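First up is the structure itself, then whatever we jot down about it.
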Amino acid sequence: MKDNNSDGLKIGQNIVNLLPQRDRLKNVALVFLSLGLSFGGGYLYSQKNPPVTPIASEATLQASEENATVATPAIQLSPREGDNFVARVVDRVGGAVVRIDASRTISTANNPVLERFFGDQEPQERTQRGSGSGFILSPDGKILTNAHVVAGADSVTVTLKDGRSFQGRVMGSDPATDVAVVKIDEKNLPKVTLGNSDRLHPGEWAIAIGNPLGLDNTVTTGIISATGRSSNQIGVTDKRVNFIQTDAAINPGNSGGPLIDANGNVIGMNTAIIRNAQGLGFAIPINQAKQIADQLIAKGSVDHPYLGIQMTPLDPEIIKQFENSSGQNIKADHGVLIVGVLPTSPADQGGLKAGDVIQKVGDRAITDAAQVQEMVASLGIGDELPLTVQRNDRLISLTIRVGILPAS
């Protein structure tokens with residue numbers, strides 16, 4: 001019988017493909033919505049291949065500074081008799097929505113074929129560019145956007161609705177939640193009003209404002225389609241977010257823009273869509289985004305609680321695959337199967353092993369991996385997590401001391 005956590009990690013990568021329909025979307029791709037391959041704006045997440053694979057977005061990256069899109073100057077409107085609620089919301093919020101252009105210079109690798117015929121070649125430099133959206137949190141120029149909009153950027157330019165542009169500074173970025181804060185040096189800026197994303201209900205109005213495909217200040221409407229969509233459900237297992245689902249039209253370039261309720265309050269930050277689908281967009285709830293932003297502003301980074309395990313709900317097909325791959329026998333008929341444990345992780349140090357089936361966290365019975373993730377996320381670094389697991393025919397009680405999620 002094998003009992004090797006490193007082998008378990010390899011097995012776990014294969015088993016993710018077998019998640020039942022209720023726990024995952026089949027044959028879909030989730031696309032993060034900034035325009036720019038170099039900044040993760042066109043990341044493809046596929047259930048057939050869980051690791052991240054870059055894809056080309058609808059806007060081709062430019063190797064120069066040509067063809068920059070200029071924001072449309074703002075037209076300040078006041079509510080008029082007969083205006084609908086969308087127009088009033090746009091009047092209220094539109095001035096606080098910005099365009100974010102990010103760039104970095106990279107050196108291209110030498111071409112072995114050219115070197116063979118022409119000798120050593122000087123490395124070539126080129127500029128990669130990406131763009132997205134953001135919204136102003138405070139009059140002194142703190143702006144919320146997606147981490148993938150500014151990832152790896154040497155230069156960040158923020159363009160306001162009135163056409164003014166400023167150099168931005170990334171105060172902090174958190175890839176685990178895809179939240180970043182950018183600061184510009186300006187005062188008396190219009191700012192958004194934040195709502196309460198914990199009180200959202202499917203069917204409520206949703207309004208998106210952003211810069212899709214370079215078309216600045218675009219407004220679309222829809223509804224809240226669902227709340228609490230886990231990262232596992234939509235195929236982004238490296239993210240720690242329970243997403244808002246909306247059918248408001250969002251496209252590449254909308255990343256980091258606000259999702260707004262009928263009263264003009266920001267309830268989410270648009271971040272991703274399902275490729276080749278209609279009406280399947282996802283936003284980070286504003287309560288979580290604001291919590292992360294506060295930490296980024298305070299210290300530039302966020303510490304996330306971490307166990308270091310790969311999990312999947314028990315399912316006959318998954319059990320069979322795991323047993324065939326590992327040589328272990330799974331005796332449990334309910335709970336969450338641990339298919340991999342990262343070496344030296346808190347889970348490894350606490351005694352968890354691939355093949356263990358989590359039955360309880362504390363006194364709470366466990367039936368889904370999302371329950372474990374939520375309970376871990378609610379803890380502080382260094383807190384203890386009591387687990388009851390079934391290992392072969394035995395129930396074992398373990399206590400895991402929660403660690404810090406390693407930087408990716």
Side-chain angles (χ1 to χ4, degrees), residues 71-79 85-102 131-147 149-150 156-174 177-200 205-211 216-220 244 248 250 253-271 283-298 300:
T72 304
I75 300 175
Q76 299 299 327
L77 300 175
S78 57
F85 75 93
V86 177
R88 290 193 293 272
V89 167
V90 174
D91 287 348
R92 176 179 174 181
V93 182
V97 180
V98 304
R99 173 176 175 150
I100 298 177
D101 293 296
S131 66
S133 305
F135 50 95
I136 302 171
L137 289 177
S138 61
D140 64 350
K142 295 183 182 72
I143 296 166
L144 195 62
T145 189
N146 282 139
V149 171
V150 295
V156 175
T157 302
V158 176
T159 302
L160 306 185
K161 186 178 180 182
D162 62 15
R164 290 180 293 161
S165 292
F166 301 86
Q167 284 299 116
R169 173 174 59 89
V170 179
M171 299 186 71
S173 180
D174 183 47
T177 55
D178 200 21
V179 173
V181 177
V182 174
K183 178 73 167 62
I184 61 174
D185 292 328
E186 182 64 5
K187 298 179 179 179
N188 301 318
L189 293 169
K191 71 179 186 69
V192 299
T193 300
L194 304 184
N196 186 349
S197 54
D198 290 341
R199 296 181 178 177
L200 294 179
W205 286 104
I207 302 166
I209 305 178
N211 308 295
D216 293 349
N217 313 125
T218 295
V219 180
T220 57
I244 300 168
I250 52 179
N254 270 116
S255 260
L259 189 68
I260 310 161
D261 67 17
N263 296 314
N265 301 313
V266 175
I267 52 176
M269 179 166 59
N270 299 317
T271 190
I284 301 167
I286 196 60
N287 289 13
Q288 182 177 11
K290 179 60 165 55
Q291 181 184 35
I292 297 298
D294 288 343
Q295 296 178 64
L296 293 176
I297 292 168

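Small disclaimer: the values here were computed from a predicted structure and weren't measured.
- No side-chain heavy atom of V179 sits under 4.5 Å from any side-chain heavy atom of N146.
- For the atom pair N254 CG and N270 CG, the distance stands at 6.0 Å (nearest 0.5 Å).
- The shortest side-chain heavy-atom distance between N196 and N265 does not fall under the 4.5 Å cut-off.
- Under the side-chain hydrogen bond (donor to acceptor under 3.5 Å, both in side chains) criterion, K183 pairs with no residue, sequence neighbours left out.
- The shortest heavy-atom contact between G253 and S133 is O-OG, 2.7 Å.
- Of all the heavy atoms in S173 and A147, the pair that sits closest is OG-CB, 3.2 Å.
- Checked against side-chain hydrogen bond (donor to acceptor under 3.5 Å, both in side chains), K290 has the following partners two or more places apart in sequence or in another chain: D294.
- The side-chain heavy atoms of V149 and V182, taken from C-beta on, include no pair separated by under 4.5 Å.
- Between R92 and T193, the closest side-chain pair of non-hydrogen atoms falls below 4.5 Å.
- Taken to the nearest 0.5 Å, the CE atom of M171 stands 5.5 Å off from the CD1 atom of I297.
- The two residues A102 and V150 have their closest heavy-atom pair at CB-CA, 4.5 Å.
- A distance of 11.5 Å separates CG in D216 from CG in L160, rounded to the nearest 0.5 Å.
- In this structure, the separation between CD1 on I250 and OG1 on T218 is 12.5 Å, given to the nearest 0.5 Å.
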Point to revise | Stepwise side-chain contact (heavy atoms from CB on, under 4.5 Å) check, L137 with L194 | key: CA-CA 9 Å; L137 289 177; L194 304 184; 4.2 Å; yes

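- Proximity of I286 to F135: side-chain heavy atoms (C-beta onward) are separated by under 4.5 Å at one or more points.
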Check your understanding: Between K161 and V98, is a side-chain contact (heavy atoms from CB on, under 4.5 Å) present by the stated rule, with each step listed?
Key -> CA-CA 6 Å; K161 186 178 180 182; V98 304; over 6 Å; no

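- Proximity of R99 to S131: side-chain heavy atoms (C-beta onward) are separated by under 4.5 Å at one or more points.
- Note: I100 CD1 to S255 OG = 10.0 Å, rounded to the nearest 0.5 Å.
- With sequence neighbours excluded, no residue forms a side-chain hydrogen bond (donor to acceptor under 3.5 Å, both in side chains) with T145.
- Using modelled atom types, no side-chain atom of S138 and backbone atom of K191 make a donor-acceptor pair closer than 3.5 Å.
- Here the closest heavy-atom approach between residue A283 and residue L259 is recorded as CB-CD2, 4.0 Å.
- For the salt bridge (Lys or Arg N to Asp or Glu O under 4.0 Å) test, residues two or more places apart in sequence or in another chain that qualify with R164 are D162, E186.
- N188 has its side chain out of reach of P139: every pair of non-hydrogen atoms, C-beta onward, lies at least 4.5 Å apart.
- For the pair I284/T177, no side-chain contact is recorded, criterion being any heavy-atom separation below 4.5 Å from C-beta on.
- By the side-chain hydrogen bond (donor to acceptor under 3.5 Å, both in side chains) test, D198 is found to be paired with N287, residues two or more places apart in sequence or in another chain being considered.
- Taking OG1 from T159 and CG from N211, the interatomic distance works out to 8.5 Å, rounded to the nearest 0.5 Å.
- What you find for A289 and L144 is that their closest heavy atoms are CB-CD2, 4.0 Å.
- Screening residues 133-144 for salt bridge (charged side-chain N to carboxylate O under 4.0 Å, His left out), with sequence neighbours left out, gives D140-K142.
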